Amino acid sequence: MSKLIPLLQQVPLFQDLTAAELETISPLFVERKYKKGTILFFEGDAGDEFFLIQSGVVKIYRIDNSKEIILSLFREGDYFGEMAMLHKGNPRSATAETLEATSAYTLVRAEFQQFMERSPKLCLRLLEVTAERLRRANEQIYDLTFLDVRSRAVKTIVRLADEHGVRKPNGTLVDVKLTHQQLANMIGTVRESVTKVLQELQEEHILSIDKKQILVRNIDALRAMI
Ligand SMILES: Nc1ncnc2c1ncn2[C@@H]1O[C@@H]2COP(=O)(O)O[C@H]2[C@H]1O
């Protein structure tokens with residue numbers, strides 16, 4: 001059995017495929033390894049590959065005049081690059097860059113489309129994830145329009161804890177190393193404002209930071225703020 005099959009079985013997108021379908025699709029993926037800081041593709045590139053992360057972290061962002069907004073962070077079991085692939089001729093909607101050494105499986109458009117044509121369940125799962133990402137993008141628009149920096153920072157940290165958190169005896173550790181600048185690029189503000197909010201939250205004993213990793217000590221207090 002291919003070593004990819006256990007990963008595919010854990011990814012909601014592929015979880016309805018039969019054992020035979022998994023056996024057919026798994027050899028079509030190509031395993032790739034990337035160093036930290038590798039650009040996988042740029043916004044605007046032509047794209048015909050789908051990426052499934054085996055390990056590591058990838059940031060999805062847009063940049064304008066050296067100002068960056070991070071749209072999402074993806075980790076093991078997450079996929080990206082499906083948008084340009086679904087519609088031939090659509091360019092990449094954002095840039096993808098590894099935040100850590102990353103291992104991913106890639107699949108070319110023709111193979112993926114063949115599978116979509118054969119598997120309505122795969123299409124439904126793809127729609128579910130796309131709808132969830134749209135819901136989150138709507139929330140980001142709302143937050144950027146109506147919330148102040150502290151509320152946006154709190155929401156971002158709660159989301160990081162929910163999506164990248166590892167339970168520890170003294171709280172939830174966000175399992176991604178992020179600089180204040182990268183957090184600012186997720187929140188849509190400047191580094192100085194993030195430093196100020198993080199300082200306040202540390203003084204309130206809600207979180208602590210060690211080697212660029214956030215440990216949320218009181219997630220309930222953080223949730224109560226949003
Ligand atoms: N707002 C977003 N939230 C989550 N993922 C996104 C968002 N925008 C783009 N992406 C992902 O980033 C990828 C960039 O390349 P694609 O447009 O091919 O496919 C895109 C999606 O997989």
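Just so you know, ligand 1 is whichever comes first in the structure, and atom 1 is the first atom listed for that ligand. A quick note: this is a predicted structure, and the numbers were derived from the prediction, not measured. The first residue in the sequence is number 1, and the count goes up from there.
Relative to the ring axis of F112, R109 does not place its NZ or CZ within 45° and under 6.0 Å from the centre.
Among residue pairs with one or both ends in residues 142-162, those qualifying as ring pair (Phe, Tyr, Trp, His ring centres under 6.0 Å) are Y142-F146; sequence neighbours excluded.
For ligand 1, the 4.0 Å heavy-atom shell takes in F41, I60, L71, S72, F74, F80, G81, E82, M83, A84, R92, S93, A94, R133, ordered by chain and residue number.
Heavy atoms from other residues, nucleotides or ligands lying under 6.0 Å from CZ of R62 number 12 at most.
Taking the six-membered ring for Trp and thresholds of 30 and 60 degrees, Y105 and F29 have ring planes more than 60 degrees apart, a perpendicular arrangement.
D148 contributes a side-chain N or O that, together with a main-chain N or O of S151, makes up a donor-acceptor pair within less than 3.5 Å.
Checked against the 6.0 Å centroid threshold, F41 and F51 count as a close aromatic pair.
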